[in-house]
Number of protein chains: 4
Amino acid sequence: MSSPAPPTTARGEKRPLILQAATEVFAEQGFAAVTVAEIAERAGIGKGTVYEYFSSKEELLFAVFEWMNEAIFERIRGLLDEGGTARDRLRRLLELGAEFTAEQIDMQAVVLDFWAASRGTRSEERYNRSCLVTFRGYRGVLAEVVRDGQRAGELRAEVDAEAVAIMLLAAMDGLGVQIFFDREIDPRTTVAAFGEVVLAGLEVRR
Amino acid sequence: MSSPAPPTTARGEKRPLILQAATEVFAEQGFAAVTVAEIAERAGIGKGTVYEYFSSKEELLFAVFEWMNEAIFERIRGLLDEGGTARDRLRRLLELGAEFTAEQIDMQAVVLDFWAASRGTRSEERYNRSCLVTFRGYRGVLAEVVRDGQRAGELRAEVDAEAVAIMLLAAMDGLGVQIFFDREIDPRTTVAAFGEVVLAGLEVRR
Amino acid sequence: MSSPAPPTTARGEKRPLILQAATEVFAEQGFAAVTVAEIAERAGIGKGTVYEYFSSKEELLFAVFEWMNEAIFERIRGLLDEGGTARDRLRRLLELGAEFTAEQIDMQAVVLDFWAASRGTRSEERYNRSCLVTFRGYRGVLAEVVRDGQRAGELRAEVDAEAVAIMLLAAMDGLGVQIFFDREIDPRTTVAAFGEVVLAGLEVRR
Amino acid sequence: MSSPAPPTTARGEKRPLILQAATEVFAEQGFAAVTVAEIAERAGIGKGTVYEYFSSKEELLFAVFEWMNEAIFERIRGLLDEGGTARDRLRRLLELGAEFTAEQIDMQAVVLDFWAASRGTRSEERYNRSCLVTFRGYRGVLAEVVRDGQRAGELRAEVDAEAVAIMLLAAMDGLGVQIFFDREIDPRTTVAAFGEVVLAGLEVRR
DNA sequence: GATGAATGAGCATTCATTCAT
DNA sequence: GATGAATGAATGCTCATTCAT
């Protein structure tokens, strides 16, 4: 009450605390079911403080979404830097996706929420743009690898790289949803099996 | 009984009217953003009447979801009855999925809503079961066709049919989501291009 | 569906049926908690039919209240016709009250409801008048018996007969309420014991 | 802390304000007819604030009921501390009851409401227990005074003290109800007259 | 900066009543 | 007369957001 020393967190540095707490409760209960009071409690701060860092509950969801995607992108970049043939990189990208799905099934829920929370809101436009940009980012990476393989003569040149990128990303997203509802599916083996088929279909025949 | 044509709707028969109206507004604005009053207005009936046919707003969402899936399943069954090689049927299934996605992008929104609406609700269990059953239904159809092809020697026997079914369904779902946010994607050509790759990867090599 | 013979009740004679059903459900659950649909169902008729006989749910409560009081008054009149000294009649009136309370604890609930249902209603005035008239009726009977006893030299002349009537009626009403909440009280012995005290206090001393 | 006088009410101290406002409007219009918005308006606060202090409208009714009874009990305790013979204390208890009835006819309405509001509610059990406990409290006080008088040889030993207590309490309750509907009755003279009769009936004869 | 008491817009749901059949 | 499908007014309650301290 009168202790002069800061408790644990430095002043004005509660942002990651809130972000972490929000991510957790969003994952557990879903955006709509979560109250700002709950987020604050989980973060161990006052309700009003949340609004010092985020202008609204919705804004907080945006931040969580971006936070998650940044982390994923970072790992993708690291993976690509390792080099290898296009087939190798493609295989590793799929593995990474499977790993993410396996590790963070509840994160999948946050993404679902993000999609759904946008609807009918004032900021629907902004949500859509944010989703679009994110999707394009992932797609760009995938398509680039495919095109690399085509240029190198590894992969069939007549295949539409963009289409393959779209569908592979779609498959990874959709897999997360299915596993969210059916925990018996094993993402790693499923992705590996399907990946082999796709790679077989992509490679140049002699 | 003697009136030449029913002016609007007969008494006691407002169920499809409500279902249709609900599907529309759910698609347009999302479950959370829609009010029961809005649904009633769209259906041209009184607010209370909605509750004569559905015990709650949530129950109505369930009904819409099931209604949609039934319609889709019916078309799938029709498609499979046409026969053809496994490759033909697989190609046609993908085409059908693309067509659905193209035709009913807004339907995709209802599915998203259904997923998201489940979270943190009292009836979360029921939602999950409903989704699980639906997914398994689609997967079963796809896996069966693949296995048919394997038995007929058309498709490589060493491929995990279930994994392929999971991922193809996932890809179709995920495609819907991407198109929902990025209308520049053309589902038909994208699916066709990707389908060729997958089929190439599945077929038996000489 | 096409049977020409009336089922059980003659046409246009459903009034007592409704009255009986309403009395039962009001007693069981209270006026506010009962729906018109419930009353109709209990009476084995259609919801709309209730409105053929009573213009509103409130009106029905009025009718039930009056119905009950009429029955009680009838028994009081019969009791007074048996004659006897004022003390005898007073004692028998109290016995009758105890009996009613014992027999129809749930009826007590209807009276409670009637009191409470009036409040804040459009027809508050009418409720109050109805209660007032009923109370005055009972009080009149009691006061008359006391005055009879005073005129006959049985009971002390200096006692305010009206005050005694008011308080005895009040005691019987209040007893019903207490028993409604505390079923361990036996109305007959309680009233008998108190009645002896009051009669001892009323009688002329030598 | 340094402001000379609080303008309206300090933060976090709106409980008595709400209790007072609720008591007033409940008395005026009855529990069922009152809206939470009305209570808030009367208290000069926002609707949501009511729910900061009471978890539901029903809970508020409970609080009002207990508040009232506490106040009454306090005065009863003060009265008994004054001492005197059993007859004196009994007479004073009846006088106090008459006074309460005269002063707070509208309070009577709240009690009626409380009784009636219980019916058919989920918390019916709790209502009944609350009423039972309250009744037993009043009865205990009355019975104890009578037994004191019997032990002191003032009052007839063969009289059932508990029965007298039950009926006197009942009479006071019932009086309140009658006066609520018939303002011409004067509680003080009525109770005094009846009290003399009962005391005469209770006292030991030579 | 941090807090949490106060706020009120917003909405699902109930149910008495009507009226076409 | 009898019916019950249709209706919409009415209200308790939640919770994101504000702002005085």
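Every chain is numbered from 1, with letters handed out A, B, ... down the list of sequences.
- Using a 4.0 Å heavy-atom cutoff across all strands shown, Thr35(B) reaches sugar-phosphate atoms only and no base atom.
- Between the NZ atom of Lys47(C) and the C1' atom of dA16(E) there is a distance of 8 Å, given to the nearest Å.
- Between dA2(E) and Tyr53(A), a contact under 4.0 Å exists linking OP1 or OP2 to a side-chain N or O.
- Ring to ring, Phe62(B) and Phe114(B) are close: their centroids are under 6.0 angstrom apart.
- Candidate nucleotides dA2(F), dT17(F), dT3(E) were compared by shortest atom distance to the side chain of Thr49(C), and dA2(F) ranks first.
- Distance, Glu52(C) CD to dT21(E) C1': 13 Å, rounded to whole Å.
- In this structure, the CD atom of Glu38(D) is 15 Å from the P atom of dC13(F), given to the nearest Å.
- Summarising the geometry, the separation between OH on Tyr51(B) and P on dC11(E) is reported as 12 Å, rounded to the nearest angstrom.
- Taking atom CD1 of residue Ile18(B) and atom P of nucleotide dT7(F), one finds them 9 Å apart after rounding to whole Å.
- For CD of Glu41(B), the number of neighbouring non-hydrogen atoms (other residues, nucleotides, ligands) closer than 6.0 Å is 12 at most.
- No cation-pi contact links Lys14(A) to Tyr53(A), judged by a cut-off of 6.0 Å to the six-membered ring centre and 45° from its axis.
- Positionally, the nearest nucleotide of DNA chain E for Gly48(D) lies more toward the 5' end than for the other of Ala32(C) and Gly48(D).
- The nearest heavy atom of DNA chain E to Lys57(C) and to Val50(D) marks one nucleotide each, and the one closer to the 5' end goes with Val50(D).
- Remark: P of dA20(E) and NZ of Lys14(B) are 13 Å apart, rounded to the nearest angstrom.
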